[in-house]
A.B. asks: 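After the structure tokens below, expect a handful of questions from me.
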Protein chains: 2
Amino acid sequence: MKRPTIGDIARQAGVSKGAVSYALNGQPGVSESTRQRILAIADEIGWRPNSAARALNGARANAIGLALCRPARILGMEPFFMELISGLEAELSARDFALMLQVVGDHPSEIAVHQRWWGEGRIDGAFLVDLHVNDPRVPVMEDLGMPVVVIGDPSGSGSLMSVWSDEGAPVRETVDYLVALGHRRIARIAGLPKLVHTTLRDQEFGRACAGLDDCPVVHTDYTGEQGARATRRLLSSRVRPTAIVYDNDIMAVAGLSVAQEMGLTVPADLSIVAWDDSPLSQVVRPPLTALTRDIPAYGAQAARQLLGLIDGLERGSHEDRAATLNPRGSTGPPVSAGH
Amino acid sequence: MKRPTIGDIARQAGVSKGAVSYALNGQPGVSESTRQRILAIADEIGWRPNSAARALNGARANAIGLALCRPARILGMEPFFMELISGLEAELSARDFALMLQVVGDHPSEIAVHQRWWGEGRIDGAFLVDLHVNDPRVPVMEDLGMPVVVIGDPSGSGSLMSVWSDEGAPVRETVDYLVALGHRRIARIAGLPKLVHTTLRDQEFGRACAGLDDCPVVHTDYTGEQGARATRRLLSSRVRPTAIVYDNDIMAVAGLSVAQEMGLTVPADLSIVAWDDSPLSQVVRPPLTALTRDIPAYGAQAARQLLGLIDGLERGSHEDRAATLNPRGSTGPPVSAGH
DNA sequence: GTTCTTCTTGGGAGCGCTCCCAACGGGCGC
DNA sequence: GCGCCCGTTGGGAGCGCTCCCAAGAAGAAC
């Protein structure tokens, strides 16, 4: 049950290996009639190119690396990654590129995995996600000379190409909207403070809230538990916020439960905004006002950029569309502000 | 910036390529002193094995294939897959196996992807998930001769090895529990009727409900929307059920919202059970009674089985632990049954 | 018919690695 | 001191493919 090789085809067709190679790759060098005959035989005996042999000749690996450095627990919970991956896939599979996926524990092992894959010729490029402030992966990847696309803000991605969306505008849009509704005390329950996009949102939030009353920011690890705890603490303070903006939908849903548990009505007593939309936000009562983004499209764009980079087309970084506010039932004027 | 090869090492060490190969692979054939010298040089010049060259000699690809045939939309929503993947990964990465992931649109293209990967020597084996009734992938994989582990019930996996958990016991446990609480009208909002595990649960549900009042089963596509719609329809019927068992947590959460929207109190007017637990079920009010399963452990077991199969160890299929009922606030005695 | 050009074809090197085979050399038994 | 065995080493074929090079054939121009 040995796999047929181009040698077998050549023998059957009565031509040389070279001719078969040209015919199979659509290259000039063989006549059309010979090509057809070779293709027919190849098809008949079920020939498949051996990627190893191709790779040995300096060809592409036709695979992209993605090492995810997140605890499995969080990974399983957040729709973001699966949506991102399906977006990446849509573009990659159209070009017959596979995705090499590996969950790693920390940055050093993520770096090691990338070095190994690249060194062994298993991948043609890689994505970097969840950019940290002063991310150690960036300088290593810059040195490695491997095509890399950072999915995150260019401020932290060094000389690497990045695909990002503006974090500032959605923050401003949200705060302005809440202020227009009459809110003066807006809190933000944020994600990991180490992440670049968290700090960017923090800064913009601080600026957008200038002139308002106390606008606290609490950092969490994105889990529902921490989102619930932070919410409980905020709502127990003497001057509780009338609106909370969450950094993901999981925490927003958890926060909604806590508010209802504490006897508050949403949105009358508390308005809630979730960053990143998902079916989850629409399924709870009231459905959550959310900052919606087309994550699969975002991933697809990143994949296009990386494939371009691999092809040697030197296009620059790409700014994707920013998230836009999608008001639903969880936001409204605060009862106290009866204007 | 060419990558060093064993030829370079051999030249520097003043030995032959053969000796280097033996030294690097920990095989007998070189003296310990030579081995050490070679390893030192290899380390110094940063040598990495070229996987393509290795694969060319019939070696492993050190990668496993997983083609997911689900719309991206559902994929992004269900925690199940990411948890499964992180479980697979935990075991695979420990053995330095990578996961080749590809999202495909239908079974024919999933089959094509597997054939290509296997034919091209890119993978050493593959997982099959979401087993359908009379699944067309099974006979193809049997013919292909590739190591495959089916993550699903052995009744549908032909001669392929499978890793599964009993679907019957959890159904019985759930129905018995609800009956003990006093419920007589229990409904089931199920997933896709094409899937093997759906039909198994359906059958068992039918048996377990024997002797009870009307116990309808509604099939959906696992989305929150369809779960909500099915719930609304059931609760609008003249004799509405006092308990609903959902096939995933997304639909259970959606169903909870619908019930509350319709002015029903959970669990007094309606008890809710979710199949497959996740933080989501614990975050809503009341927290959902759920059939809990350790999905990462399930995935890890599947990975172990597949790696064993690849190594030629012929262990049989493996039955994993069945899901167990984890009662929370969403179940209780129906108000009508004041016993 | 001859020469030149152009298209087609066969031959073969080389990619980096593994592994078989033969040669070499030192330690041992006699 | 001689021959033998075994541990060590060098040499080299071969994995399946790509691509360069040269040779052959066919057609055009004279």
A.B. asks: When you check the phosphate oxygens OP1 and OP2 of dG16(D), does a side-chain N or O of Thr5(A) lie under 4.0 Å from one of them?
C.D. replies: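 False: Thr5(A) side-chain N/O out of range (4.0 Å or more) of dG16(D) OP1/OP2.
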A.B. asks: What is the nucleic acid contact for Gly7(A), judged by heavy atoms within less than 4.0 Å: base, sugar-phosphate only, or nothing?
C.D. replies: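 If one applies the 4.0 Å heavy-atom cut-off, Gly7(A) turns out to touch nothing in the nucleic acid.
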A.B. asks: Please check the phosphate of dT18(D) (OP1 and OP2 only) for any side-chain N or O of Arg54(A) closer than 4.0 Å.
C.D. replies: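 Checking dT18(D) against Arg54(A), a side-chain N or O does come within under 4.0 Å of OP1 or OP2.
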A.B. asks: Look at the side-chain N and O atoms of Ser31(A) and state whether any lies under 4.0 Å from the OP1 or OP2 oxygen of dC7(C).
C.D. replies: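 No, no such contact exists.
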A.B. asks: Judged by each residue's nearest nucleotide on DNA chain C, which is more toward the 5′ side, Asn57(B) or Val15(A)?
C.D. replies: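 Of the two residues, Val15(A) wins.
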A.B. asks: To the nearest Å, give me how far apart OH (Tyr22(B)) and P (dC19(C)) are.
C.D. replies: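 Atom OH in Tyr22(B) sits about 7 Å away from atom P in dC19(C).
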A.B. asks: Rounding to an integer number of Å, can you tell me how far Ile6(B) CD1 sits from dG12(D) P?
C.D. replies: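 My rounded result for the distance is 15 Å.
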A.B. asks: Whole angstroms only, please: what is the CG-P distance between Leu56(A) and dA13(C)?
C.D. replies: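 After rounding, the reported distance stands at 17 Å.
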A.B. asks: How many whole angstroms separate atom CZ of Arg11(A) from atom P of dC17(D)?
C.D. replies: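 Between P of dC17(D) and CZ of Arg11(A): 12 Å.
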A.B. asks: How many Å lie between CD on Glu32(A) and P on dT8(C), as a whole number?
C.D. replies: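 Taking atom P of dT8(C) as the reference, CD of Glu32(A) is at 10 Å.
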A.B. asks: Would you mind reporting whether Glu142(A) and Leu160(A) have side-chain heavy atoms less than 4.5 Å apart?
C.D. replies: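 They are in side-chain contact.
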A.B. asks: Please state whether the phosphate of dC19(C), meaning OP1 or OP2, lies under 4.0 angstrom from any side-chain nitrogen or oxygen of Gln27(B).
C.D. replies: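 So the side chain of Gln27(B) is within the cut-off, an N or O lying under 4.0 Å from OP1 or OP2 of dC19(C).
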A.B. asks: Using heavy atoms to find the nearest nucleotide of DNA chain C for Trp47(B) and Arg35(A) separately, return the residue whose nucleotide is more 5′.
C.D. replies: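 In this pair, the answer is Arg35(A).
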A.B. asks: Could you give the CG-to-P distance, from Asn50(B) to dC15(D), as a whole number of Å?
C.D. replies: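 Result: 18 Å.
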A.B. asks: Would you tell me if any nitrogen or oxygen in the side chain of Thr34(A) comes within less than 4.0 Å of OP1 or OP2 on dT9(C)?
C.D. replies: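 Yes, because at least one side-chain N or O of Thr34(A) sits under 4.0 Å from OP1 or OP2 of dT9(C).
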A.B. asks: Ignoring hydrogens and angles, tell me if any N or O in the side chain of Arg37(B) forms a donor-acceptor pair with the backbone of Ala13(B) under 3.5 Å.
C.D. replies: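 Checking the backbone N and O of Ala13(B) against the side chain of Arg37(B), a donor-acceptor pair under 3.5 Å is found.
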A.B. asks: Categorize Gly121(A) for me: base, sugar-phosphate, or nothing, with a 4.0 angstrom heavy-atom threshold over every strand shown.
C.D. replies: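 Gly121(A): no heavy atom of the nucleic acid under 4.0 Å.
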A.B. asks: For Pro28(A), answer base if it contacts any base atom (sugar-phosphate contacts may also be present), sugar-phosphate if it contacts only those atoms, and nothing otherwise; contact means non-hydrogen atoms under 4.0 Å.
C.D. replies: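 The answer is nothing, as Pro28(A) stays clear of every strand by at least 4.0 Å.
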A.B. asks: Quick one: does Glu110(A)'s side chain get under 4.5 Å of Leu128(A)'s, heavy atoms only?
C.D. replies: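 When only atoms from C-beta onward are counted, Leu128(A) and Glu110(A) do touch, with a gap below 4.5 Å.
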A.B. asks: What is the separation between atom NZ on Lys17(A) and atom P on dC17(D), rounded to the nearest whole Å?
C.D. replies: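 Interatomic distance, NZ of Lys17(A) to P of dC17(D): 9 Å.
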A.B. asks: May I ask you to evaluate whether Ser21(B) reaches the phosphate of dT18(C), defined as a side-chain N or O under 4.0 Å from OP1 or OP2?
C.D. replies: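 True: Ser21(B) side-chain N/O within range (under 4.0 Å) of dT18(C) OP1/OP2.
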A.B. asks: Can you measure Ile38(A) atom CD1 to dT8(C) atom P for me and round it to whole angstrom units?
C.D. replies: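 That distance rounds to 12 Å.
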A.B. asks: For dT18(C) and Asn25(B) - does any side-chain N or O of the residue sit under 4.0 Å from the phosphate oxygens OP1/OP2?
C.D. replies: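 For dT18(C), OP1/OP2 do have a side-chain N/O of Asn25(B) under 4.0 Å.
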A.B. asks: Is it the case that atom CG in Asn134(A) sees more than 12 heavy atoms from other parts of the structure closer than 6.0 Å?
C.D. replies: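 Atom CG in Asn134(A) is not crowded, with 12 or fewer foreign heavy atoms closer than 6.0 Å.
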A.B. asks: Give the ring-plane orientation class for His107(B) versus His132(B), where under 30° counts as parallel, over 60° as perpendicular and anything between as tilted.
C.D. replies: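 His107(B) and His132(B): perpendicular rings.
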